[in-house]
Amino acid sequence: MANGVCHTEYGIEIYLTRPDLGVDGYPGLLEEIMTRVSDRNPQLVECLAHHQGKECASEAGGKSPWMFIRRARVGGRTPLVAAHLPVTHKATPAESAQHKATKERIIVAASPLRSGRRC
């Protein structure tokens with residue numbers, strides 16, 4: 001977990017341990033970054049180390065550079081913390097033979113002349 005992130009749309013660094021998040025002039029910033037990932041651009045909050053071109057241990061462990069913010073429970077406090085989102089899709093260098101064959105079967109089945117179906 002991290003306590004510094006980058007807001008990709010504003011291009012600003014946000015420090016979650018500071019009361020003002022380390023920035024001025026962005027009303028509603030806390031609510032914006034605390035919005036559920038499913039309700040916002042998943043690439044809105046970026047790992048600060050990644051943004052600065054540094055190596056991040058979480059990314060090396062298979063996580064994405066994109067993050068979500070939540071409140072943690074530490075003792076009696078609830079500080080803001082950032083955590084990496086999981087990688088949802090891993091790019092492959094080439095299309096597999098099985099995938100190519102499946103696409104070809106779909107094309108043949110969907111073709112009105114070959115399948116005998118017409119609109």
Side-chain angles (χ1 to χ4, degrees):
M1 289 187 240
N3 48 6
V5 296
C6 175
H7 190 292
T8 59
E9 290 181 11
Y10 298 146
I12 56 174
E13 294 179 0
I14 300 170
Y15 296 94
L16 303 173
T17 56
R18 297 182 185 169
D20 64 352
L21 301 177
V23 294
D24 289 325
Y26 295 92
L29 180 63
L30 179 60
E31 291 78 21
E32 185 177 352
I33 63 173
M34 291 288 293
T35 301
R36 293 170 36 139
V37 175
S38 62
D39 297 334
R40 66 163 170 86
N41 175 2
Q43 296 180 355
L44 180 70
V45 181
E46 180 182 16
C47 172
L48 192 55
H50 182 267
H51 179 72
Q52 295 172 342
K54 298 176 184 174
E55 187 174 327
C56 175
S58 293
E59 284 183 77
K63 298 285 186 167
S64 77
W66 314 113
M67 306 187 86
F68 68 95
I69 312 295
R70 64 179 177 83
R71 290 204 180 270
R73 290 190 183 126
V74 180
R77 302 178 311 122
T78 56
L80 294 173
V81 293
H84 286 264
L85 294 170
V87 174
T88 57
H89 159 256
K90 292 188 181 196
T92 55
E95 189 176 39
S96 72
Q98 180 182 4
H99 190 211
K100 287 179 187 176
T102 302
K103 281 180 18 181
E104 289 172 9
R105 284 194 300 272
I106 290 170
I107 290 169
V108 169
S111 173
L113 297 176
R114 294 181 187 240
S115 67
R117 286 183 256 143
R118 298 202 173 159
C119 297

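Throughout, numbering of the chain's residues begins at 1 and tracks the sequence.
A pairwise comparison of heavy atoms in P42 and L85 identifies O-CD1, 3.8 Å as the closest pair.
The distance from the CG atom of N41 to the CH2 atom of W66 is 8.0 Å, given to the nearest 0.5 Å. Annotation: the span from I14 atom CD1 to T17 atom OG1 amounts to 12.0 Å, rounded to 0.5 Å. Between atom CG of residue L16 and atom CZ of residue R71 there is a gap of 10.0 Å, rounded to the nearest 0.5 Å. Atoms SG and CD, on C56 and E46 in that order, are 10.5 Å from each other to the nearest 0.5 Å. Remark: M67 CE to C6 SG distance equals 11.5 Å, nearest 0.5 Å. Going from atom CD of E32 over to atom CD of E9 covers 6.5 Å, rounded to the nearest 0.5 Å.
Here the side chain of S58 pairs no donor or acceptor atom with the backbone of K63 at under 3.5 angstrom.
In the hydrophobic clustering of this structure, L29 does not group with Y15; members are Ile, Leu, Val, Met, Phe, Trp, Tyr whose side-chain heavy atoms approach within less than 4.5 Å, directly or through other members. Hydrophobic cluster membership differs between L44 and L48, with clusters built from Ile, Leu, Val, Met, Phe, Trp and Tyr side chains linked at under 4.5 angstrom. Note: the hydrophobic cluster containing L30 also contains I69 (ILVMFWY, side chain heavy atoms under 4.5 Å, direct or indirect links). Follow the hydrophobic side-chain contacts under 4.5 Å out from V81 and you never reach F68; the two are in separate clusters. In the hydrophobic cluster analysis, where Ile, Leu, Val, Met, Phe, Trp and Tyr join through side-chain heavy atoms closer than 4.5 angstrom, V23 is grouped together with V45.
You'll find the side chain of R105 reaches within 4.5 Å of the side chain of T102, heavy atoms only.
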